[in-house]
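Order of listing sets the numbers, starting from 1, for every ligand and every atom in it. The basis for the numbers below is simple: all heavy atoms, side chains too, and nothing from hydrogens, waters or symmetry mates.
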Amino acid sequence: MRRKLAAGNWKMNGSTASLAQVAELMAANPAPSVDILICPPATLIGQMATACLGTSVAVGGQDCHAKTSGAHTGDISAAQLMDAGASHVIVGHSERRTDHAETDATVRAKAEAGIAAGLTVVICIGETLSERESGKTLDVVARQLAGSIPDSATGETAVIAYEPVWAIGTGKVPTLDQIAEVHAAIRAALVARFATDGARMRILYGGSVKPDNAAAIFGVPDVDGALVGGASLKSADFSPIIAALSNA
Ligand code: 13P
């Protein structure tokens, strides 16, 4: 059985005042039946990890460097994330693929570094609108899966997040059939490559998940949770999403 995961990606949002939202989230979910992960900006990881120590909320980074240390100004290694108290790291988010020209090979190297450091990696994939409209979605996703997941990935150390680029921050969501089609294709590819580990790897859906659409999305086969952006910033929005996942 795959334990469900509600993950929040705060992106470049939040300050120390936002830590109150996590306290509220923990109070609202004292004994959750699903895993909860928050990936705040790097500036907040240490404080949030300290605040969440011994609770049901895990803390993750939003990116890591592929190298363990060295002359890489402004970057953070996976070991440094661990040292700050993180247990997870997101790699290959479409915003990083776009803003920082990250390729599948870059993402794979970062994922490998994260796993080697002891982190669980959340590897993001997803098609653009033009790829969707030209019928290339399954090809794109297959290529990203093959290129972005390292051989070292296991059911425990890797999570896949399917995030259609056109659904991120737009309020647009694929139909449930479209989500089902892609998640089934991802599952088949994972099982073909990783056998039982592929069956155990969790697949999250991400892209405009909100309290009012979460339950329907979580009813789709092979949706093992969500990677949530905007609606993860406030406990009042994220808590109902966690509740919907718990009831799925
Ligand atoms: P939104 O939930 O704001 O669409 O963001 C999704 C996302 O990119 C999570 O990583």
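Nearest protein heavy-atom contact of atom 2 (O) of ligand 1 is G229 N, 2.9 Å. Scanning all protein heavy atoms for the shortest distance to atom 5 (O) of ligand 1 gives K11 NZ, 3.3 Å. Scanning the protein heavy atoms around atom 7 (C) of ligand 1, the nearest turns out to be E163 OE2, 3.1 Å. Counting only heavy atoms of the protein, atom 3 (O) of ligand 1 lies nearest to G230 N, 2.9 Å.
Between G169 and ligand 1, at least one N/O pair is under 3.5 Å apart. The N/O atoms of T170, backbone and side chain alike, include none that comes under 3.5 Å of an N/O atom in ligand 1. For ligand 1, the polar-atom distance check against N9 finds a nitrogen or oxygen pair separated by under 3.5 Å. Backbone and side-chain nitrogen or oxygen atoms of G206 are examined, and none is located within less than 3.5 angstrom of a nitrogen or oxygen of ligand 1. Residue I168 has no nitrogen or oxygen atom sitting less than 3.5 Å from a nitrogen or oxygen atom of ligand 1, judged on distance alone.
Near H93, with a cut-off below 4.0 Å to any heavy atom, the atoms of ligand 1 are 7 (C), 8 (O), 9 (C), 10 (O). Those atoms of ligand 1 with a heavy atom of L227 less than 4.0 angstrom away are 9 (C), 10 (O). Per-residue contacts place G207 under 4.0 angstrom from the following atoms of ligand 1 (heavy atoms of the residue considered): 4 (O), 6 (C).
Residue K210 places no heavy atom under 4.0 Å from ligand 1. Distances from ligand 1 to the non-hydrogen atoms of S208 include at least one value under 4.0 Å.
The backbone N or O of I125 lies less than 3.5 Å from no partner atom in the side chain of R97, so there is not a single donor-acceptor pair.
Screening D35, D224, D222 for a side chain to side chain donor-acceptor pair (under 3.5 Å) involving R202 leaves a single residue, D35.
Residues T128 and E131 have side chains that bring a donor and an acceptor to within less than 3.5 angstrom of each other.
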